[in-house]
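Remarks on the structure that follows.
Keep in mind it's a predicted model, so treat the numbers as computed, not measured.
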Amino acid sequence: MKFREKLNIPKIPERELVKEVYKLSKINWGVDDGFYPLGSCTMKYNPRINERIASFPEFCWGHPLLADLYEGSLAIIYELEQLLCKITGMDAFSLHPSAGAHGELLALMIAKKYFIEKKEYQRKYVLVPDSAHGTNPASAAMCRFEVKEVKSDERGNIDIKDLASKIGKESAVFMLTYPNTLGLADERIKDIVKICKDNGTLLYLDGANFNAIAGIVRPGDIGFDFVHLNLHKTFSTPHGGGGPAAGPLGVKENLKKYLPYPRVNLKQTNKEVKEGEPGGKEIEKEIFYLDYSNSESSVGKIESFFGNFPILVRAWVYIKMLGEEGIKKNSQTAVLNANYLQKKLTEKYHLPYNRICKHEFVLSEKGLGVKVEDLAKALQDEGFHPPTIYFPLIVKGAIMIEPTETETKDTLDKFAQAMLKLFDLSITNPDYFRDSPKKQAVKRVDIVKANRDIIPTDKERNNEKSNNSK
Ligand SMILES: *Cc1c(COP(=O)(O)O)cnc(C)c1O
């Protein structure tokens, strides 16, 4: 190889490149542009101080292979683990998983090993509610479990009879989202815990909706065996389009030995005599170190080094800044905001599960004069990012709204006004929606054409060629 390969870089002046990138950034929509009520995703304001601290050179430039030298970074990992344990009532956390789905996968790997060690080889099923996020069955399948779907009842709770008929000595894990993706807390959670315990089935909390209950409910106290949190949702990190993310997994004591290694641990605080001080005043020194002691019992490594470190720093700053009271108030405000909007919108929109909600709620298309996707497109022209639509699947034409705690009443009122206006318009003038959005950089995408005239990638095209030539 030549030392200096001539690279084929297009000759564009830097000035032109900057202009182009800046233009693209302006036609994008982010959480700092305005209201982003994407249900299930918890798109909240990310305080700037998180960014400031996460970009300290000491955090950015530390090489993970020299982790021993970065005691401050290790201290943050250790302390964040402790904080998450305290918030959730769990006994240990692994900060390694790099997404919610990754935390689910780790949990199921742990369950697999746990039951193999107990010689309960017959436990091949993972139970998943019909309202669950798609990652739940996907994670179960990746771990070679078979998925059994559990029905929801007419109030949006787990159908206890259905659960009882499907759970048994062959069920390894029940994955429950609490509050669920309808934004509702299961009213019979205690019965669910008991049914799982009676059957020896591990109870897993998909904690992606933790924004509703942080500081109020501790899953460890209710009886959950493990839980993943989405730091990029509940504990504020800019995310979207698939990342960046962190989905730490918390476990109870009996599952702790299976967590990935190394774990950051704290050595017995050594008393150190400060040199040169008369009388030798003793100071305490904390020594953090990488603990490999569970490498035999662990399920192994699931991520290089220590997980998505900058996101861990952001979450740590966020929790330290808010404190216990602040976290509780956040959840209360998130729930209040959701109920306020729910109340306003149900003036016209249909609410299939008519209950006080937690941090989000799900409306349906019933009564709307156009398709839900038309409404979503038109909302963009009103200056709002559309809510999550067509999920969860158990609501036909779902419109899933999560305002979070970081929006003002004024913003919520304006959004409600736009939603109600579009509802009326969908009945009086449905044609208005046909070419929505009208004011955006990217206009209406032709979905029918996109489905019919698929443009394959080079790879697929090449595969097709070689198949045809056989
Ligand atoms: C976001 C979410 C997940 C998955 O988290 P990712 O970080 O996107 O992998 C799982 N369950 C629920 C309920 C979620 O909202």
Stepwise side chain to side chain donor-acceptor pair (under 3.5 Å) check, S98 with N308
CA-CA 6 Å; S98 281; N308 210 341; 4.7 Å; no
Closest non-hydrogen atom pair, V372 against A398
CG1-O, 3.9 Å
With sequence neighbours excluded, give me every salt bridge (charged side-chain N to carboxylate O under 4.0 Å, His left out) pair touching residues 85-104.
K86-E324
Is there a side-chain contact between F415 and K344 (heavy atoms, below 4.5 Å)?
no
Hey, are the side chains of D159 and V150 touching, using non-hydrogen atoms and a 4.5 Å cut-off?
no
Between N211 and E405, does any side-chain donor sit less than 3.5 Å from a side-chain acceptor?
yes
Could you give the distance from CG (D198) to CD1 (I167), rounded to the nearest 0.5 Å?
9.0 Å
Could you check whether atom NZ of K443 has more than 12 heavy atoms from other residues, nucleotides or ligands sitting under 6.0 Å from it?
yes
Would you find a donor on one side and an acceptor on the other, under 3.5 Å apart, between the side chain of S364 and the backbone of V395?
no
Can you list the steps and then say if D431 with R434 is a salt bridge (Lys or Arg N to Asp or Glu O under 4.0 Å)?
CA-CA 5 Å; D431 279 349; R434 275 183 35 197; 3.8 Å; yes
With side chain to side chain donor-acceptor pair (under 3.5 Å) as the criterion, how do S436 and Q380 come out once you've worked through the C-alpha distance, each side chain's angles and the decisive distance to 0.1 Å?
CA-CA 8 Å; S436 293; Q380 296 173 17; over 6 Å; no
What donor-acceptor contacts under 3.5 angstrom involve side-chain atoms of residues 27-39, with partners at least two apart or in another chain?
unit_1 : atom_1 : unit_2 : atom_2 : d
D32    : OD1    : R48    : NH2    : 3.4
D32    : OD2    : R48    : NH2    : 2.3
D33    : OD2    : G30    : N      : 2.7
Y36    : OH     : H385   : NE2    : 3.4

Would you say E360 and P387 make side-chain contact, with heavy atoms under 4.5 Å?
no
So, does D446 use its side chain to make a donor-acceptor pair with the main chain of V448 at under 3.5 Å?
yes
Could you grab the distance from atom CG of N209 to atom OG of S40, nearest 0.5 Å is fine?
5.5 Å
Work out which heavy atom in P47 is nearest to a heavy atom in S236; give both atom names and the distance.
CD-OG, 3.7 Å
Any side-chain heavy-atom pair from F210 and I87 closer than 4.5 angstrom?
yes
Can you confirm if the NZ or CZ of K409 lies within 45° of the ring axis of Y340 and under 6.0 Å from the centre of its six-membered ring?
no
For atom NZ of K358, decide whether the heavy atoms of other residues, nucleotides or ligands shown that lie under 6.0 angstrom number more than 12.
no
Side-chain heavy-atom pair M109, L249 within 4.5 angstrom cut-off
no
K438 to Y432, cation-pi by 6.0 Å centre distance and 45° axis angle:
yes
Donor-acceptor pair, T406 side chain versus Y45 backbone, under 3.5 Å?
yes
Any idea how F309 and F59 line up, ring-wise: parallel (<30°), tilted (30 to 60°), or perpendicular (>60°)?
perpendicular
Heavy-atom count around K343 NZ within 6.0 Å, excluding the residue itself: above 12?
no
Should we count NZ of K328 as having more than 12 external heavy atoms under 6.0 Å?
no
Distance-only polar pair, side chains of N199 and S171, donor-acceptor under 3.5 Å:
no
Gap between atom SG of C85 and atom CG of L80 - 0.5 Å precision
9.5 Å
Where A416 and L341 come nearest, the two heavy atoms and their spacing
CB-CD2, 4.0 Å
Taking atom NZ of K301 as the centre, does the number of heavy atoms from other residues, nucleotides or ligands within less than 6.0 Å exceed 12?
yes
Measure the CD-CD1 distance between E373 and I389 for me, rounded to the nearest 0.5 Å.
6.0 Å
Check whether any side-chain heavy atom of D191 lies under 4.5 Å from a side-chain heavy atom of D186, and answer yes or no.
no
How about H228 and D206: do any of their side-chain heavy atoms sit closer than 4.5 Å?
yes
Contact summary for R355 and R155, nearest pair of heavy atoms:
NH1-O, 2.7 Å
More than 12 heavy atoms from other groups under 6.0 Å of NZ on K166:
yes
To the closest 0.5 Å, what do you measure between CZ (F306) and NE2 (H96)?
7.0 Å
So does K151 get a backbone contact from the side chain of D130, meaning a donor-acceptor N/O pair under 3.5 Å?
no
Face-on cation placement of K148 at Y125 ring, 6.0 Å and 45° thresholds
yes
Which pair of heavy atoms, one from K44 and one from T234, lies closest together, and at what distance?
NZ-O, 2.7 Å
With sequence neighbours excluded, residues passing ring pair (Phe, Tyr, Trp, His ring centres under 6.0 Å) with H133:
F391
Could you check whether any side-chain N or O of K439 sits under 3.5 Å from a backbone N or O of D381, counting only pairs where one atom can act as donor and the other as acceptor?
yes
Using a 6.0 Å cut-off, check whether atom NZ of K169 has over 12 heavy atoms from anything other than its own residue.
yes
OH of Y349 to CG of L375: how many Å apart, nearest 0.5 Å?
4.5 Å
Examine distances only and state if a side-chain atom of H350 and a backbone atom of K366 form a donor-acceptor pair shorter than 3.5 Å.
no
Under 3.5 Å, is there a donor on one side chain and an acceptor on the other for N180 and Y353?
no
Electrostatic pair E365-K396, nearest N-O below 4.0 angstrom:
yes
Just checking K371: does its NZ atom have more than 12 heavy atoms from other residues, nucleotides or ligands closer to it than 6.0 angstrom?
no
Is there side-chain contact between I110 and K113, with at least one heavy-atom pair below 4.5 Å?
no
Work out which heavy atom in P129 is nearest to a heavy atom in M175; give both atom names and the distance.
CD-O, 3.0 Å
